[in-house]
Protein chains: 2
Amino acid sequence: MAHILVVEDEPTLRILMTRMFRDAGYQVTAAATGAAGLQAALGAQHDLVVLDLMLPDLSGEEVLRVLLAARPDARVLILSSVAEVGRRVAVLDRGAADFVAKPFVNGDLMARVRLRIRDQGSFATNPTHTEVGDGAHLDLHRRDLVINGQRVQLSHREFTLMAHLLHRRGEVCTRQELLADVWGIAFDPGTNVVDVYVGRLRAKLASDTIETVRNVGYRLLAS
Amino acid sequence: MAHILVVEDEPTLRILMTRMFRDAGYQVTAAATGAAGLQAALGAQHDLVVLDLMLPDLSGEEVLRVLLAARPDARVLILSSVAEVGRRVAVLDRGAADFVAKPFVNGDLMARVRLRIRDQGSFATNPTHTEVGDGAHLDLHRRDLVINGQRVQLSHREFTLMAHLLHRRGEVCTRQELLADVWGIAFDPGTNVVDVYVGRLRAKLASDTIETVRNVGYRLLAS
DNA sequence: CTGTGAAGTGACAAATCTGTTATCCGGCTT
DNA sequence: AAGCCGGATAACAGATTTGTCACTTCACAG
């Protein structure tokens, strides 16, 4: 049975949601503060976290950031007053799964919750996150990179290149190798796409993450 | 220890490769005909199949097609004379992992083999193929769809939409639902992107795969 | 210090992707 | 039969992605 964590400071709403989800057949844990919510979220695996943006202690954004840094595969549904709708894009960018504005129609929220949980269920069997040491994860679905809590949007090529470098982190990858594996080009010398794309990656990362090995190729720093 | 299957009719070359791979520490199975190779490939799990394009009985393309239809996650390295380099794009499109032209430098082939095997090793821990009933698979890395042996290139959006439909195959998905889940649009009515993208998918698939449910939404045929 | 070749960078053009709009089609209702 | 409505489709424009090229910067050898 799916397990939902509700983080909401307003008692009425918290109790309402708890009852509603429970009635729908979910197992529910509720938290009234950001700190308590974070503790619960980190302590156990939840299928969905319903998180209010406006909390007494920590800001919802903060909770979201910390939570996703620790569990990049967590699904978080952000709940927020219409006045804060402007933050919508921001939190979705940060990795939230969905955003619902308060006040909401019960059925509407319920539908959203069901949707997000079902989703996770079917995808969860094939993990979409490739763990790659320290704080780095590749998110196959979003095609982006989570590196120490920061979510970096990558293009298709950038992603493939990054994936390859990550798999061999610490080892040197020759241009030839990268051309063959990332671009599928077997022979052709006489292009500097690799250089260009390494440059583009560096621009999106801490620029000292990818090291140049003169006359050979590139290497991603081991950690 | 990784297991390689070599399918090559010319005895000298077959023995040479067998010895080379064995010396490199791999377990090797060799087959001299397409039929024998196919049988071996379907009978056991290999980490890499090295396949000659020019075989006495079946064409290499044929072997590749049948093999990938049955095991879409198989890694196949195509070996072929320079004269056939024109087929390169075609076989890579069909899902081959790599292409090496004959005659080749031993070390070169060895490097390619190592690369493809290592690759598979690291990705294999997180399966990149989502099985979805009958002959359909979603390949998260290539962002494409394998449907009864045919590999269909999809754009990012098309892929996400297709993934959603596949997850719910047989059930109807409302436009709203698709908008929310695939596009992340919560409210906005007044767009027909969904219709447009369903159209684009239909153009790439057997056009009767996606069914219209009037006044409701779309449904992917159950099988 | 200087010359040479390797690597980095900015600008650009082509290709692709995305979403909108306008129009067309086909079935249903009246 | 005519009108209407939901859905299909073609064409388009803007955005993004991709790879190339020319030029700059940098590291090392002499």
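In what follows, every chain begins at residue 1, and chains take the letters A, B, ... in the order their sequences are listed.
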Does A:Arg175 pair with A:Asp195 as a salt bridge, N-O distance under 4.0 Å?
yes
How is A:Val196 classified with respect to the nucleic acid when contacts are heavy atoms under 4.0 Å: base, sugar-phosphate, or nothing?
base
Nearest whole angstrom, please: distance from the P of C:dT18 to the NE2 of A:His156.
11 Å
Out of C:dG19, C:dA22, C:dG8, which has the shortest distance to the side chain of A:Asp195?
C:dG8
Walking DNA chain D from its 5' end, the first of A:Arg214 and A:Ser155 to be reached, judged by nearest nucleotide, is A:Ser155
Using whole Å, report how far CG of B:Asp208 lies from P of D:dG7.
19 Å
Establish whether the base of D:dG19 is bridged to the side chain of A:Arg200 by a donor-acceptor pair shorter than 3.5 Å.
yes
When the distance from CG of A:Asn192 to P of D:dG19 is rounded to whole Å, what number comes out?
11 Å
What is the separation between atom CD on A:Gln153 and atom P on D:dA15, rounded to the nearest whole Å?
18 Å
What is the distance from CG of A:Leu201 to P of C:dA7, rounded to the nearest Å?
17 Å
How many Å lie between CG on A:Leu161 and P on D:dG19, as a whole number?
11 Å
Would you classify A:Tyr218 as touching base, sugar-phosphate or nothing, given that sugar-phosphate means primed atoms plus P, OP1 and OP2, and contacts are heavy atoms under 4.0 Å?
sugar-phosphate
Donor-acceptor check, side chain of A:Asp47 to backbone of A:His3, threshold 3.5 angstrom: yes or no?
yes
Under 4.0 Å between a side-chain N or O of B:Thr191 and OP1 or OP2 of C:dT20?
yes
May I ask you to verify if any side-chain N or O of A:Arg157 is less than 4.0 angstrom from the OP1 or OP2 atom of D:dT17?
no
For A:Leu154 and A:Val193, find the nucleotide of DNA chain D closest to each by heavy atoms; which residue's nucleotide sits nearer the 5' end?
A:Leu154
Out of D:dA22, D:dT18, D:dA8, minimum distance to the side chain of A:Tyr197 belongs to D:dT18
Does B:Tyr197 reach the side chain of B:Leu178, with side-chain heavy atoms less than 4.5 Å apart?
no
Rounded interatomic separation in angstrom, taking CZ from A:Arg175 and C1' from C:dG8:
11 Å
Between C1' on D:dA8 and CD on B:Glu211, what's the gap in Å once rounded to a whole number?
16 Å
Going by an N to O cut-off under 4.0 Å, is there a salt bridge joining A:Glu158 and A:Arg200?
no
Check every strand shown and say whether B:Asn215 touches a base, only sugar-phosphate, or nothing at a heavy-atom separation below 4.0 Å.
sugar-phosphate
Are the side chain of B:Thr212 and the backbone of B:Arg214 linked by a donor-acceptor contact shorter than 3.5 Å?
no
Is the shortest side-chain N/O distance from B:Trp183 to OP1 or OP2 of C:dT18 below 4.0 Å?
no
